[in-house]
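To start, the structure under review is shown below, and the notes come after it.
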Amino acid sequence: MSKHDVRIGLIGAGRMGADHARRIHERISGARLAVVGDPDVDRARAAAADTGARVSTDPGEVIASSEVDAVVIASPGHTHEPLLLAALEHRTPVLCEKPLAPDAESARRIVAAETDTGRQLIQLGFMRRFDTEYAHLKRVLREEELGAALLLHCTHRNQAAPPEFTDEMMIHDSVVHEVDTVRWLLDSEINAVSVRAPGRSTRAARGLTDPQLVTFETSDGALATVEIFVNCGFGYQVRCEAVCEDGTARIGAESGLVRHSSHGWGGAVPAGFPERFGPAFDLEVQRWVEAARDGEVVEDAANTWDGYAAASACAAGVRAQTTGERVPVSLGEKPKLYAA
Ligand code: ISE
């Protein structure tokens, strides 16, 4: 470890936070874990174990600490706003796990606060942008002259959702990735959302409408369909196919039969998102560390505006679920700070 390593304060030592702690300690170069903050001291200690990081039960103290150059926020979404505002006040670079905030109003306040600082300090953890396959699809759409994108078909399947998972969480926790994927791949905002559902899977917990079909309309006139199925039984499957004027491009589509097995997952697809997106998480954190060290932002990473747009589309998605109606999304003007 060099004394020039970026010293990282990690806030939130749950599943994602603990994963980031290992990642930073074991695989990221040019950085070291300095402090792990979580109100649950045992959790903080477990995540910090063997890393040399100090433990704190006060996330605010982690942000203010002179031992920290940059912060990773992996605490629950409802805690993000005050933490992000504090980091902006200290002009501390942040990698914040999704969501930026649980609702569009708080996300808008974070956009306003960052805009006031005059520079981008927050990177949002939409890791798919660092995945080889998604990056390939983005490059194909940018460079291969397939013509205007007309349709995007997205599939998002999880092996099993935790028992407390709700319809609303299907949007905020899972479909939120597709919101970012659609906006990023098509380089276009989401204008309206509709949600429909077929008959429920027998594997869905009582009260959960699973699977569901979400449709996004974009400002360029494209349509994106998203199948969200959080209890498919056989594994973790994400796919995406773009249909353009002059061709199609597809990722994540293994051929053949994939089926639920009483012995566990089907075998042909990864078990869960940590397996599927592990390398993407590594690259996302590595590039963020390098940008934070140089006082820059990572080109193509999701920013605060992307987080606000995602929160707005998700809010519309939840309304569409409950009303059965097509719900428009209106973002207002994009500050110049986020111009491409
Ligand atoms: C989870 O929170 C994630 O972020 C995963 O990427 C997603 O696939 C899963 O559906 C969510 O529950």
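Whatever order the structure lists them in is the order used to number ligands and atoms, beginning at 1.
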Q: Measure the spacing between CG of D210 and CG of D167 and express it to the nearest 0.5 Å.
A: 8.5 Å
Q: Report yes if the side chains of Q159 and Q237 come closer than 4.5 Å at any heavy-atom pair, otherwise no.
A: no
Q) Is a side-chain N or O of H25 found less than 3.5 angstrom from the main chain of D50, in a donor-acceptor match? A) yes
Q: Report the distance from atom CD1 of I251 to atom CG of L137, rounding to the nearest 0.5 Å.
A: 5.0 Å
Q. Just checking, is any N or O donor in the side chain of S219 or S188 under 3.5 Å from an acceptor N or O on the other one?
A. yes
Could you list, one pair per line, each nitrogen or oxygen of ligand 1 together with any protein nitrogen or oxygen closer than 3.5 Å, giving atom names and the distance rounded to 0.1 Å?
from     : atom 1 : to   : atom 2 : distance (Å)
ligand 1 : 2 (O)  : K98  : NZ     : 3.2
ligand 1 : 2 (O)  : D173 : OD2    : 3.0
ligand 1 : 4 (O)  : K98  : NZ     : 3.1
ligand 1 : 4 (O)  : H177 : NE2    : 2.8
ligand 1 : 6 (O)  : H177 : NE2    : 3.1
ligand 1 : 6 (O)  : Y236 : OH     : 3.4
ligand 1 : 8 (O)  : H156 : NE2    : 2.6
ligand 1 : 8 (O)  : Y236 : OH     : 2.7
ligand 1 : 10 (O) : H156 : NE2    : 3.3
ligand 1 : 10 (O) : N158 : OD1    : 2.7
ligand 1 : 10 (O) : N158 : ND2    : 3.3
ligand 1 : 10 (O) : S174 : OG     : 2.6
ligand 1 : 12 (O) : D173 : OD2    : 2.9

Q: Report yes if some heavy atom in the side chain of R183 is under 4.5 Å from a heavy atom in the side chain of D306; otherwise report no.
A: yes
